[in-house]
Engineer: 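Below are the structure tokens for one structure; questions will follow.
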2 protein chains.
Amino acid sequence: MPTLAEVAQKAGVSIATVSKVLSNTPYFTEETRRKVMSAVEELGYLPNLAARALSSGKTHLIGVIFPYVYEGIFTDPLVQYILEGVEAECNERGYNIVLSTPRLSPDGPEENYRRLLQSSYLDGIVALDNVPLSSVLSPSLRKNTPAVAIGYGDHPYFVRSDDLQGSTSLMEHVVSLGHRHIGILTVDESLHYSIQNRHLGLQTTAETAGLNYAQFPKFDRGDFSIASGMQGAAEVLNQENVTALVCINDRMALGAIQQVQKMGFRVPDDITVVGYDDILSAQLFSPALTTIDQRAPELGHQAAQMLFALLNNEIPDSVVIPTRLCIRESSAPPKSSR
Amino acid sequence: MPTLAEVAQKAGVSIATVSKVLSNTPYFTEETRRKVMSAVEELGYLPNLAARALSSGKTHLIGVIFPYVYEGIFTDPLVQYILEGVEAECNERGYNIVLSTPRLSPDGPEENYRRLLQSSYLDGIVALDNVPLSSVLSPSLRKNTPAVAIGYGDHPYFVRSDDLQGSTSLMEHVVSLGHRHIGILTVDESLHYSIQNRHLGLQTTAETAGLNYAQFPKFDRGDFSIASGMQGAAEVLNQENVTALVCINDRMALGAIQQVQKMGFRVPDDITVVGYDDILSAQLFSPALTTIDQRAPELGHQAAQMLFALLNNEIPDSVVIPTRLCIRESSAPPKSSR
DNA sequence: AAATAGTAGTTAAGCGTTTAACTATTATAC
DNA sequence: GTATAATAGTTAAACGCTTAACTACTATTT
């Protein structure tokens, strides 16, 4: 690979001149610029980013962090959408993405991740930060690297989906259809801040409508999977007489629908099932799933934009992104009210 | 951030000693090692990767390249599975991933990508290489960086899914059910080498069974999307009397099923529909889709393993990964043969 | 005529590592 | 008792770039 020195020699100028011409420093004659550029052209010079990084402290590399606790992170449908949003913004500005998916444990993220964060490799960080267990963005870890959190982690700059509003409009929809006996299929809320907010939205809305949320039958041993949705639906339906199942995510909702059908009920005629996320399968499934679209690509876009503002020494405003209720075929008024 | 120099001073030894102790070079007393390690511990020293990269030429960064032509790459269901496989192998070895999704045009990949490839940032490359348009791994681009291709690009080290075997077993399944009038829903094969192989498998198998593949009604203006699957199914069913639709991917197959149902036919009773990929929705859809699982995570695992072999100066063998036929509910014998 | 400002480039230090080459001490062989 | 090898550490060059500080010349101001 040609270096600055070779370009300089070929152009008959000093190394510094080449470096400065390439970074558009003023005070060079057109003649000099031309000589430099044609030498660059001929040799096919491209900067050695490692050297540039060492010298300038800038790598043009953005870390995108998806921590996980139990299962691999790539089963989370948010991930690819966020990645897509961040990637678009980075590419536009000539930045590249370093993808890291550290495993989280009570003693914090794994060694490999800590090395990356403190390596001076990353100009900035965008991190999913929803897990109470331990923040991947704790100040001790990231030193002075600018960072934006996606989620509820304790961090000055963040983007979140409005889980409260999302779960509120979801429960409002179910209640407004006339449902009074509602089962909740969810996961342990200590796993996820966003889940806590969704619970809060469900509860507040139910109680505002005069329902006793505390007495709703609940299955909270789910793990976001289809299988746990099936299990949850089975448990709730075997014990109680509900007309609707509100699920904490789409995969559990799709599992629930299958279980409901397997037990001889129809969706939505006998039982309404709603989810949260609007994954691809939600639209395709039959019956198509009523759910909340949290517009995940927008999370990525906004987070990246905020990060570049920070890199530009601006102070960005944190953002809460509103969700969208997608009413499809899996929700309808309860039988009794028809 | 503490540097080697500070650690050396604190430990009362030279910089070189610290560096060597940290890389487990022999010939140091336990006493010296202890002093160094406790200084490292106390200061929380972590190496500056940019400096290490410049000095040693090793960054411990692996480029993972997903080129795209028209639509964003993240809609491709392969991507997340491959990423998952590569990530697992990299993480195990202390490597990090640089994700790049260059847009391909007839004059090759975009500038930003070329800079990355020749920047000395990447120790190795894993690239999806299926598009005839221009290889992201052409020797002129990647200089001496070791690379493994996933797909049919002209490259010495590659991993591919056995598209020929996959499409063969898919067509064998349909033919063995008794179908003779079969519609093909596909995309322009110049877009993708793997598609060419799938076509070949379909054709050979049909002809081996004594059928005239050339006269099968075909829709080849698809773009992998659900919408184009619906359009294709509509066109084929309006013109010809087929009992089965073989689709080049699952999304088109799911679109086709919806269109078939919308036109008043039942799947699989009236018309069999099969797909290719085994995306999540394929299992969830009702009727569940008969399709080919190409075991994408395995592609990522194998590619990464080959790359690390290369980095280790070994010569890996290229791999063709067999697929698995998933027979579900969307395929059945044609009416006439019952 | 001297001082100042603007233009056009060069020199050289520094970024934090790695590692070849070197010194110095101690152990082993013959 | 000297040569050789093994052990234990240091010195200093190199990686390729950025940039502050400097030189040198020309144009303008006072």
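A note on names: the letters A, B, ... follow the listed sequences, proteins ahead of strands, and every chain is numbered from 1.
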Engineer: With a cut-off of less than 4.0 Å, is there a side-chain N or O of Tyr27(B) near OP1 or OP2 of dT7(D)?
Structural biologist: yes
Engineer: Please report the distance, rounded to the nearest Å, between CZ in Arg33(B) and C1' in dG9(D).
Structural biologist: 12 Å
Engineer: Does a donor on one side chain sit under 3.5 Å from an acceptor on the other, for Glu110(B) and Asn112(B)?
Structural biologist: no
Engineer: Can you see whether Asp163(A) engages Ser194(A) through a side-chain donor-acceptor pair at a distance of less than 3.5 angstrom?
Structural biologist: no
Engineer: Measure from CD1 on Ile15(B) to C1' on dG9(D) and round the result to the nearest Å.
Structural biologist: 14 Å
Engineer: Assign Thr17(A) to base, sugar-phosphate, or nothing according to its heavy-atom contacts below 4.0 angstrom with the strands shown.
Structural biologist: base
Engineer: Quick one: is dT7(D) close enough that its OP1 or OP2 comes under 4.0 Å of any side-chain N or O from Thr29(B)?
Structural biologist: no
Engineer: Under 4.0 Å, counting only non-hydrogen atoms across every strand here, what does Pro26(A) touch: a base, just sugar-phosphate, or nothing?
Structural biologist: nothing
Engineer: Please confirm whether any donor atom in the side chain of Ser120(B) sits under 3.5 Å from an acceptor in the base of dG16(D), or the reverse.
Structural biologist: no
Engineer: If I take atom CZ in residue Phe28(A) and atom P in nucleotide dG6(C), what distance separates them, rounded to the nearest angstrom?
Structural biologist: 18 Å
Engineer: Relative to the 5' end of DNA chain D, which residue comes earlier, Val13(B) or Leu54(B), by the nucleotide with the nearest heavy atom?
Structural biologist: Val13(B)
Engineer: What's the NZ-P distance between Lys20(A) and dT11(C), to the nearest Å?
Structural biologist: 12 Å
Engineer: Rounded off to whole Å, could you give me the CG-to-P distance for the Leu4(A) and dT11(C) pair?
Structural biologist: 15 Å
Engineer: Tell me whether the centres of the aromatic rings in Phe308(A) and Tyr95(A) are closer together than 6.0 Å.
Structural biologist: yes
Engineer: Among Val86(A), Asp123(A), Ile125(A), Val126(A), find the residue that satisfies the side chain to side chain contact (heavy atoms under 4.5 Å, CB included) test when tested with Leu307(A).
Structural biologist: Val126(A)
Engineer: Specify the separation, in whole Å, of atom CG of Leu22(A) and atom P of dG9(C).
Structural biologist: 14 Å
Engineer: Below 4.0 angstrom from OP1 or OP2 of dT18(D), is there any side-chain N or O of Arg52(A)?
Structural biologist: yes
Engineer: Starting the side chain at C-beta, find the nucleotide from dT17(C), dT18(C), dG9(C) nearest to Ser56(B).
Structural biologist: dT18(C)
Engineer: Are OP1 or OP2 of dT10(D) and a side-chain N or O of Ser14(B) less than 4.0 angstrom apart?
Structural biologist: yes
Engineer: Remember a base hit wins even if backbone is also touched, and classify Thr32(B) as base, sugar-phosphate or nothing at under 4.0 Å, heavy atoms.
Structural biologist: sugar-phosphate
Engineer: Any idea how Phe224(A) and His192(A) line up, ring-wise: parallel (<30°), tilted (30 to 60°), or perpendicular (>60°)?
Structural biologist: perpendicular
Engineer: Side-chain N or O of Tyr45(A) less than 4.0 angstrom from OP1 or OP2 on dC17(D)?
Structural biologist: yes
Engineer: Can you check the Asn24(A) CG to dT18(D) P distance for me, whole Å?
Structural biologist: 13 Å
Engineer: Ser19(B) near the nucleic acid: base, sugar-phosphate alone, or nothing, with a heavy-atom cut-off under 4.0 Å?
Structural biologist: base
Engineer: Please give, in whole Å, the distance from dC15(C) P to Lys58(A) NZ?
Structural biologist: 16 Å
